[in-house]
Amino acid sequence: MAVRRAGLFTRLILCAHRRSRVQRPVLRLLSCPGTVAEGLRRDEPLSGSAETGDGAVASVYSVAPSHSGPGSEEKTPEKKFFEVQNERRDQAQRTVLIHCPNKISEKKFLKYLSQYGPINNHFFYESFGLYAVVEFCQKESISSLQNGTHTPSAGMEAAIPFRSRFFNLKFKNPSHQASEPAAIQFSNQLPPSSRKLFDLLCCAKSVDDQLNTLLKEFEVTEENTKLRYLTCSLIEDIAAAYFPDCTVRPFGSSVNTFGKLGCDLDMFLDLGETGKPSTDKTLGNFLMEFQMKSVPSERIATQKILSVIGECLDHFGPGCVGVQKILNARCPLVRFSHQPSGFQCDLTTNNRIALKSSELLYIYGSLDSRVRALVFSIRSWARAHSLTSSIPGAWITNFSLTMMVIFFLQRRSPPILPTLDLLKTLADAEDKCMIEGNNCTFVRDLNRIHPSGNTETLELLLKEFFEYFGNFAFNKYSLNIRQGKEQNKPDSSPLYIQNPFETSLNISKNVSQSQLQKFVDLARESAWILQQEDQGPQSPSNHQPWGLAALLLPSRVSTKSLAKKKSKKAASERVKNLLESIKKNRTENLTST
Ligand code: GTP
Ligand code: MG
């Protein structure tokens, strides 16, 4: 434990150094009363977590959960998921995205923009060009910026007039660019390279430190989260052309605390009141209804809505490229790339249960700091061994892996995570939630859930995870996080993880027997590697892969199976050659006869 604390302490000092290099003067200059930046300024001498501009530390208004776990004494009250979402959404609505010239003076840039209103916050990042994300203090500043913005002069091409919040900044006189200083701090939007990760892991002080390092390096940063909410807000502006009451909300790993830098951006188009059957709001004998077109089913309505939004994004959405309408999927969606942010986006509608799953995972991820550290490492381990893939197929998904970790942590003694049934019993009237006949009720106030008394280390949990699932009777049992125990499988799917809300569904129905077997073999091998290290002296200092780093290296299991495949191929090649030579001999004999 002492070692783990030392590691964290070092990182905090490093972060404090980094923090002092950036943004402070600008925040002081432009912060407005009552805002986040103002709070930041007031807290300056005390704050250990102010915004860095490079995303290294969460800011004071960060919605990232405060970490609890073994050894942590203080616990700050956690925000509810919807409070976080609303706060972020509000920030995003006051924010603009600007493509900037490569060489630009930060000071002049901010001075130019502050003529439209005070700026609360900003950062720069690189993605095929230089971009700035600028959050104003007030929404009105955006219309005043839009009023002062020009339509691009048409050359050979014609522009489609659309007043978005995505701008292009140019020098009036391009020769000025050369004289601008180029010392701008960029916020990093990408995960570390494998090389860097290995170096960091090999230099860590303990396996616990390795898992925490991996988490810190991969988790979405404050800036990346802002960019995700901003992207949703920009898409909402486009969808609002058809559905003025709509909202576009992020869900999935972007918001459930398990997001990794570079993960996709799952968006939910909520049509608000217009999309729902309404309750009687008026007095008197009459009831007024909107005249609406009807279609035979809700699925068809969803397909039609996504179809027009897809067209709209494709034709008029600045920065939206590669739009694909995948309307016949189980859950219809529009997939596209948002070029300036670099996000691969999946837009769905009529998918409220997925939003609720994100909230549930947010609760689980916030309850104990070991949960996220373990999930990130297991996900990286699975990715390193090609157990997961970005292409849909018979592989295990990250969502299923997260459920497996949650289930495993519910099975510890004492449990590290509560069952979903227990979260349901802690719920109050306001938490009650039914979606399409499914009971999705659980407590949403994190402060009402007691922390676990379990003090097991991450190292032990990692090893036990591999042992547990390396020996789990997948042929007999399903995983059920609602009850926190295994149950007899209702069908013959190789892997059965019960959907927590639609309880008759299996979230890992797609997983094939061979993929499950690969998972089991790798889990056993990883448990064995960690056991060997327990027995022999660990040598963190000699820069050889050890602990988690050793688990991320190509496995002997997959090398063996590759070798098996190769030797099978060689054998079949030999048989083929033999047959061919027999055939040839026969033909020659026949010819000679
Ligand atoms: P990443 O791999 O980091 O994108 O993780 P993710 O959790 O965002 O997964 P993904 O993008 O595949 O799906 C987004 C969200 O949809 C998940 O977080 C779940 O809430 C939900 N989801 C995904 N797959 C399933 C499934 O098979 N069943 C159900 N009920 N929900 C799912
Ligand atoms: Mg996702």
Side-chain angles (χ1 to χ4, degrees), residues 81 85 190-191 214-215 218-220 224-225 228-229 231-232 248-270 326 329-338 341-365 371-372 375-384 386-406 420 433 435-440 442 478-482 493 495-511 515:
F81 182 71
Q85 287 235 331
L190 293 171
L214 186 135
L215 171 65
F218 277 102
E219 68 186 345
V220 288
N224 194 265
T225 304
R228 284 172 189 270
Y229 277 86
T231 307
C232 287
V248 173
R249 296 177 188 282
F251 72 98
S253 59
S254 298
V255 296
N256 66 16
T257 73
F258 297 108
K260 179 181 142 201
L261 282 173
C263 69
D264 68 354
L265 174 54
D266 303 293
M267 300 176 173
F268 171 67
L269 171 68
D270 189 349
I326 308 172
R330 190 182 69 84
C331 180
L333 69 125
V334 174
R335 178 166 289 170
F336 61 97
S337 290
H338 188 251
S341 62
F343 295 136
Q344 166 83 23
C345 305
D346 279 352
L347 178 73
T348 52
T349 186
N350 200 7
N351 191 14
R352 263 166 215 287
I353 290 206
L355 212 64
K356 209 60 194 165
S357 305
S358 303
E359 184 168 12
L360 180 66
L361 293 194
Y362 171 85
I363 302 266
Y364 279 129
V371 183
R372 296 174 68 231
V375 167
F376 271 70
S377 289
I378 298 293
R379 284 184 171 197
S380 295
W381 167 83
R383 191 78 185 92
S386 308
L387 283 168
T388 51
S389 164
S390 52
I391 309 160
W395 355 102
I396 297 179
T397 62
N398 278 333
F399 183 54
S400 296
L401 282 174
T402 310
M403 289 294 181
M404 288 172 101
V405 176
I406 291 172
L420 180 51
C433 173
I435 303 174
E436 293 151 20
N438 300 296
N439 194 335
C440 302
F442 55 85
S478 67
L479 278 64
N480 177 334
I481 69 152
R482 187 162 270 285
S493 313
L495 176 61
Y496 199 109
I497 304 175
Q498 192 195 56
N499 184 320
F501 299 122
E502 293 164 288
T503 50
S504 61
L505 300 180
N506 171 12
I507 64 160
S508 49
K509 203 179 157 83
N510 61 313
V511 178
Q515 282 301 314

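Numbering of ligands and ligand atoms starts at 1, following listing order.
Aromatic rings of F376 and F218 (six-membered ring for Trp) have centroids beyond the 6.0 Å cut-off, not under it.
Within D266, the N/O/S atom positioned nearest the Mg ion (ligand 2) carries the name OD2. The closest approach of D264 to the Mg ion (ligand 2), by N/O/S atoms, is made by OD1.
Rounded to the nearest 0.5 Å, atoms SG (C263) and CG (L261) are 8.0 Å apart.
A cation-pi arrangement is present between K356 and F442 under the rule of less than 6.0 angstrom and at most 45 degrees off the ring axis.
Residue R379 touches ligand 1 through its side chain alone, judged by heavy-atom distances below 4.0 Å.
Listed by first then second residue, pairs satisfying side-chain hydrogen bond (donor to acceptor under 3.5 Å, both in side chains) with a partner in residues 388-397 read T397-S400, not counting sequence neighbours.
At a distance under 4.0 Å, a protein heavy atom can be found next to atom 6 (P) of ligand 1.
Proximity to I507 (heavy-atom distance under 4.0 Å) selects the following atoms of ligand 1: 27 (O), 28 (N). Taking every non-hydrogen atom of A354 and a distance limit under 4.0 Å, the qualifying atoms of ligand 1 come out as 20 (O).
For the pair E502 and ligand 1, the shortest N or O to N or O distance does not fall below 3.5 Å. Between R330 and ligand 1, a contact under 3.5 Å exists for no N or O pair.
For the residues P250, S253, P500, the heavy atom positioned nearest atom 8 (O) of ligand 1 is part of S253.
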